[in-house]
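Everything on this sheet refers to the single structure shown next.
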Amino acid sequence: MAMALVNGNENSTLDEQCTKPAQVQAIIGETQSSVSMAIAKSVGPFSIPLISPYSTCECLSDKRKYPSFLRTIPSDYHQSRALAEMVKQFGWTWVGAIRRDDDYGNNGMAAFTKAAEQLGVCLEYSLPFIRTYSQEKVLRIIQQIKISTSRVIVAFVTHWDFEILLDVFYEHNITGYQWVGTEAWITDSIITRLDKHKILQGAIGLAIPNTTVTGLKDFILDINPLQSAGSAIFTELWEALFNCKYTVQNDSEDTTVCTGKEKQSEMESEFTDMTLMPIFCNVYKGVYAVAHTLHNLLGCMQTCPTKKQPDPLTVS
């Protein structure tokens with residue numbers, strides 16, 4: 001997909017002086033740090049900005065490797081040190097840790113470990129985990145936690161990881177621990193609903209500052225596929241939200257037919273979950289940063305006597 005955006009396959013129709021193929025000026029996304037790293041390496045040589053609302057790995061700040069990567073969320077350089085300061089503040093000097101086994105978790109935990117040691121906080125263990133781990137690997141993690149003496153666990157993971165870990169922890173009676181978490185899961189509403197046995201009760205951590213985007217909630221609730229002509233993605237979204245189909249085969253008697261008049265305000269879904277507003281706001285910032293840049297470039301009248309399609313290097 002990243003290379004498809006780089007190639008471009010449409011002719012620019014801005015005005016008659018534009019003859020070169022249309023080219024994407026910036027990319028909004030991705031959320032996962034490892035995916036952002038892969039995309040940034042692909043588009044970096046073309047100077048195409050990649051603006052992420054949620055990729056926090058400190059490694060992405062390396063401009064030698066990712067010259068065109070930008071983000072609207074702070075680097076884990078700050079979060080890792082803040083977590084170490086938090087643990088120290090509560091007097092927890094002997095802690096365990098679980099980290100997501102990818103660039104986000106490994107880099108974040110490495111930075112936390114370094115900062116913690118400087119503050120006199122010692123790690124009894126640091127265990128990697130990712131949801132594709134085999135049962136054998138997961139059981140080794142459980143065994144390590146059980147034989148440990150620390151009662152505080154710093155978790156540099158995501159909510160997807162806890163969707164699996166919560167059931168495993170309950171099954172093996174991993175309870176009564178003080179959890180310290182990152183922005184990737186500490187305020188996640190899905191985790192709250194899944195934690196039926198209160199495994200994470202009393203957890204503390206860092207979160208993206210809460211904020212609002214005026215009019216965004218009303219806009220989301222007002223989205224209607226019948227009013228969104230030419231956007232197949234809205235049809236797919238509608239079918240997923242309401243578990244219905246616009247086109248029903250003759251033999252699909254149990255399938256509900258979408259009318260397009262279903263109301264989002266009468267249901268709960270991740271799409272309408274306003275607890276995700278801080279992330280939505282980061283996307284909003286990225287979109288408007290690009291929009292204002294393009295507006296200024298295309299509206300330039302003094303140093304730009306003729307209109308032409310902006311190039312990604314100028315946008316970045």
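Excluded from the calculations below are hydrogen atoms, water molecules and symmetry mates; all remaining heavy atoms, backbone and side chain alike, are included.
Within a 6.0 Å sphere centred on NZ of Lys63, other residues, nucleotides and ligands contribute more than 12 heavy atoms. Within a 6.0 Å radius of NE2 in His295, other residues, nucleotides and ligands contribute 12 heavy atoms or fewer.
Between Tyr133 and Phe129, the two ring planes are perpendicular [angle over 60°; tilted spans 30° to 60°].
Rounding to the nearest 0.5 Å places OG1 of Thr158 at 4.0 Å from CZ of Arg100. Put simply, OG on Ser36 and OH on Tyr66 are 10.0 Å apart, with the number rounded to the nearest 0.5 Å. The structure places CE of Met37 at 13.5 Å from CD of Glu30, a figure rounded to the nearest 0.5 Å. Atom CD in Glu239 sits 14.0 Å away from atom CZ in Phe234 (nearest 0.5 Å). In this structure, CD1 in Ile141 is found 12.0 Å from CD in Gln143, a value given to the nearest 0.5 Å. How far OG of Ser55 is from CG of Leu50: 7.5 Å, rounded to the nearest 0.5 Å.
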Could you go through the side chain to side chain contact (heavy atoms under 4.5 Å, CB included) check for Ile51 and Ile27 one step at a time? CA-CA 6 Å; Ile51 306 174; Ile27 301 173; over 6 Å; no
Checking Glu85 against Arg81 for the salt bridge (charged side-chain N to carboxylate O under 4.0 Å, His left out) test, could you report, in this order, the C-alpha distance in whole Å, the side-chain angles of both residues, the deciding distance, and whether it holds? CA-CA 6 Å; Glu85 291 282 357; Arg81 284 153 181 77; over 6 Å; no
Could you go through Glu124 and Trp94, starting from their C-alpha distance and side-chain angles, then the distance that decides it, and tell me whether this counts as side chain to side chain contact (heavy atoms under 4.5 Å, CB included)? CA-CA 7 Å; Glu124 183 178 8; Trp94 183 241; 3.4 Å; yes
Given the rule in the side chain to side chain contact (heavy atoms under 4.5 Å, CB included) test, do Ile153 and Tyr125 qualify, once you have shown the distances and angles that lead to the verdict? CA-CA 9 Å; Ile153 303 178; Tyr125 58 82; 3.6 Å; yes
Does Thr182 form a side chain to side chain contact (heavy atoms under 4.5 Å, CB included) with Gln79? I'd like the steps, not just the answer. CA-CA 8 Å; Thr182 62; Gln79 176 170 225; 3.4 Å; yes
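Side-chain N/O atoms of Arg71 and Thr56 include no donor and acceptor closer than 3.5 Å.
The disulfide (SG to SG under 2.5 Å) pairs that include a residue from residues 51-109 are Cys57-Cys59, where partners are two or more places apart or lie in different chains.
Judged purely by atom type and a 3.5 angstrom limit, Asp76 has no side-chain atom pairing as donor or acceptor with the backbone of Ser80. Checking side-chain atoms of Thr72 against main-chain N and O of Asn282 turns up a donor-acceptor pair under 3.5 Å.
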Distance-only donor-acceptor pairs under 3.5 Å for side chains of residues 166-175, two or more places apart:
| unit_1 | atom_1 | unit_2 | atom_2 | d |
| --- | --- | --- | --- | --- |
| Asn173 | OD1 | Thr175 | OG1 | 3.4 |

